[in-house]
Structures are given as structure tokens and as C-alpha cells.
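Since the structure comes first, as C-alpha cells, the remarks are kept for the end.
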Amino acid sequence: MRAPTAATPSRQRPAFTREGLVTWRFVYRDLTASLLPGCLFVLAGASHSHADAAATGRALARAAVYLTLFIYIFCVANQLGADPREDQANKPDRPLASGLVSRAGAWRRWLVAMAVFPLLGWTLGVLWWALLWQAITVVNNFTPVSRWGPTRDAIIVPGAIVQLAAAWQQIAPLDATAWRWILTLAVVLGGLGLQIQDLRDLDGDRMIGRRTFPMLLGERTSRRYLAVLILAMPAIVHILLYASRADRAEVLLCLVPVAGLSWTVAWRVLTLRTPAADRLTYSLYTLVYCVTLAGGIPVLR
């Protein structure tokens, strides 16, 4: 009798259930950097535009579908483009690394999703953002760009811009306020998040010869400058995003969770230096992104 494999139990499930498991395993690490912040930005846009509850609910539903497919096409491409040794070292539970799906199965899923995504974007009025995201996905995952940290970061920051712009457009036109938030969040918060990701993935990156900022600057130096920038995050968020709010008590309430999470992340970056600790540190940092966006709901009202 053939010995069971990691993939065998899932193949005995109904097709719909199994596909749900596969999708979850592809995307779950990145939901707090994609689906959740995008939906929070829809709520911030609804607050800014004074949309009613019905319009907000419809916009959230549209954004949730769009953002799920948004992160799905990126994650599947990222896992197809990754060196198998990297995923075995950094993320052995990914579908390809664990044997949950074959490479051929992953390619079929990705091609179908890539065909559907621009159609969805066209239906929702964000076709150009969808096409730009597809281009970023391909360049980042299937070209040499991803092998050198600075160029990879340069291509991913625009990815955060197209994510947030498409989310806001589900509920309101892109005005100067929207662009101030989008550019601040993408360049400042998004850029720092990529650096924490690089700390998390150092072992696998070294194995395949990828050159990221912690390797170029040295891990200790990289951790120090990251910690300083993250310690300054509440001040940056206040000056660039929250300061225009007249109600100072409300701004303070919004800044408290940003500060608490930011300073916790900065402490962890400096003092906790194992791969497992860095994985949790990155997850906590994505919550800084989310609580900053959540603050936009009252601040932009």
C-alpha cells in the first residue's frame, strides 16, 4: 500500500473545500498586508466622502472580491517564481513546498486568475490599476528584479499604490487627500515593511544568492536604522496624515495604537533576531499599517 503524503488528505476532500484550503495556504500570510488594509481604506474613503451605509457595504463587498484576487495572483506567482530551496527554508507550509499542489496545478490556477482579474477590474472601474498590478506581479516574480533588494523594493512600493488606489476608487474619486494617504502609506509604511520582510527571510535569501538590504548594509546596521525609523512612525503618521484633524483628543486616540505597535516592533527588531521572531515581528508590523488606516475612518470624517 502506498504511504500517505502531505497532499493525500486534501485530495479526499470535496473539490470546493480542497480549493478553499489551497487558496488559504497560498494567501494567508499576506492578508493583513492586502485584504484587511484595502478594506479599511474603503471605510476611510467612505468616511471622507460621507457615503451612506448601503453604498459603503456595496463598496466593501466589491473591494473584498477584488483584493482577494489581487493578493492571490501575486502569491501564486511568488511561489511559482521562488527557488524551491528558499521556500523549504523560509515557508515550508506553502502549497508547492508542502506538496499540496503540483507546479502544473499552480500554473493553471494562476493563468485562470490572471485572465479573470482584468475583467473584474474593468467591471469595477479600476482596469488600469489591475493591469499595472499584473505587470508588477510578473516583473517582481519572473524576472531578475527580485534577486537584488533595492530593485525589488522599487517595484513593490508602486504595488502598494495600485492596491490602495483601487480600494479607494470603490467608494470615492481619487482626490488630493486620497493621494496624500496613498503615497505616505505606500512609500513610508510599505517601504519599511519590505525591510522587515528581508530580515525575516535572510536564511532563504542567502541560500539562493539574493542580495537584500540587510545583506548589503549588514544585519546589525539594518536592524538599527529600521528601529529608529519605526520608533519615529507615530510622529510621521501624525505629521503627514492626522495633523489636519481639529479634534486633538480623537487624533490622540488614533495615535495610541500606532505608537504602541510601532514601538513594540522597533524593540523586537533590535532584540529578537531569530527567524521565528522576525516572522512574528513582520506580522505585528502589518498591524501598524492596518491601525494607521483604521485611524483614517475618524480622521477623514
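Note that this is a predicted model, so its numbers are computed, not measured.
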Please check: side-chain N/O of [X] versus main-chain N/O of [Y], any donor-acceptor pairing under 3.5 Å?
| X | Y | value |
| --- | --- | --- |
| W168 | F41 | no |
| Q163 | A33 | yes |
| S222 | G218 | no |
| N141 | T137 | yes |
| R103 | L80 | yes |
| R94 | F26 | no |
| Y242 | T292 | yes |
| T56 | D52 | yes |

Testing the basics here: between [X] and [Y], what is the closest heavy-atom pair and its distance to 0.1 Å?
| X | Y | result |
| --- | --- | --- |
| L67 | C39 | CD1-N, 3.8 Å |
| I239 | A243 | O-CB, 3.9 Å |
| A55 | I171 | O-CD1, 3.7 Å |
| D30 | C75 | OD2-SG, 3.3 Å |
| A165 | I182 | CA-CD1, 3.8 Å |
| P158 | I136 | C-CD1, 3.9 Å |

Compare all side-chain heavy atoms of [X] with those of [Y] and state whether any distance is below 4.5 angstrom.
| X | Y | value |
| --- | --- | --- |
| L31 | L36 | no |
| D198 | M215 | no |
| P234 | W263 | yes |
| V265 | I196 | yes |
| C254 | P298 | yes |
| R25 | V101 | no |
| M233 | L192 | yes |

Any link between [X] and [Y] through a network of hydrophobic side chains (Ile, Leu, Val, Met, Phe, Trp, Tyr) touching at under 4.5 Å?
| X | Y | result |
| --- | --- | --- |
| V116 | V76 | yes |
| L21 | I71 | yes |
| L189 | V187 | yes |
| L174 | F70 | yes |
| I230 | Y225 | yes |

Among residues at least two apart in sequence or on other chains, which ones pass salt bridge (charged side-chain N to carboxylate O under 4.0 Å, His left out) with [X]?
| X | answer |
| --- | --- |
| D93 | R29 |
| R109 | E19 |
| E250 | R245, R301 |

I'd like to know whether L272 forms a side chain to side chain contact (heavy atoms under 4.5 Å, CB included) with W267, so could you lay out the CA-CA distance, the side-chain angles of the two residues, the decisive distance to 0.1 Å, and finally the verdict.
CA-CA 8 Å; L272 304 177; W267 172 79; 3.8 Å; yes
May I ask you to say whether D278 pairs ionically with R223, meaning some side-chain N is under 4.0 Å from a carboxylate O?
yes
Got a second to check how far [X]'s [atom1] is from [Y]'s [atom2], nearest 0.5 Å?
| X | Y | atom1 | atom2 | value |
| --- | --- | --- | --- | --- |
| Y282 | R268 | OH | CZ | 14.5 Å |
| L300 | H48 | CG | NE2 | 6.5 Å |
| I73 | T68 | CD1 | OG1 | 12.0 Å |

For residues 120-132, tabulate all N or O donor-acceptor pairs below 3.5 Å that involve a side-chain atom, not counting sequence neighbours.
from	atom 1	to	atom 2	distance (Å)
T123	OG1	L119	O	2.9
W129	NE1	Q169	OE1	2.5

Residue pair R273, L199: steps toward the side chain to side chain contact (heavy atoms under 4.5 Å, CB included) verdict
CA-CA 9 Å; R273 304 185 177 189; L199 290 173; over 6 Å; no
Could you tell me if the ring centre of F117 sits under 6.0 Å from that of Y66?
yes
For Y289 together with W181, are the ring centres under 6.0 Å from each other?
no
Quick one: do S283 and R279 satisfy side chain to side chain contact (heavy atoms under 4.5 Å, CB included)? Show the steps, please.
CA-CA 6 Å; S283 296; R279 282 193 289 273; 5.8 Å; no
Quick one, T177 with R180, criterion side chain to side chain contact (heavy atoms under 4.5 Å, CB included). Give me CA distance, side-chain angles, the key distance, then yes/no.
CA-CA 5 Å; T177 297; R180 175 164 51 86; 3.9 Å; yes
Test side-chain contact (heavy atoms from CB on, under 4.5 Å) applied to A294 - qualifying residues, sequence neighbours left out
L40
With sequence neighbours left out, write down each residue that passes side-chain hydrogen bond (donor to acceptor under 3.5 Å, both in side chains) with R62, or none if nothing qualifies.
Q170
Chi angles and distances behind the ring pair (Phe, Tyr, Trp, His ring centres under 6.0 Å) call for F74, W133
CA-CA 9 Å; F74 184 85; W133 179 241; 5.3 Å; yes
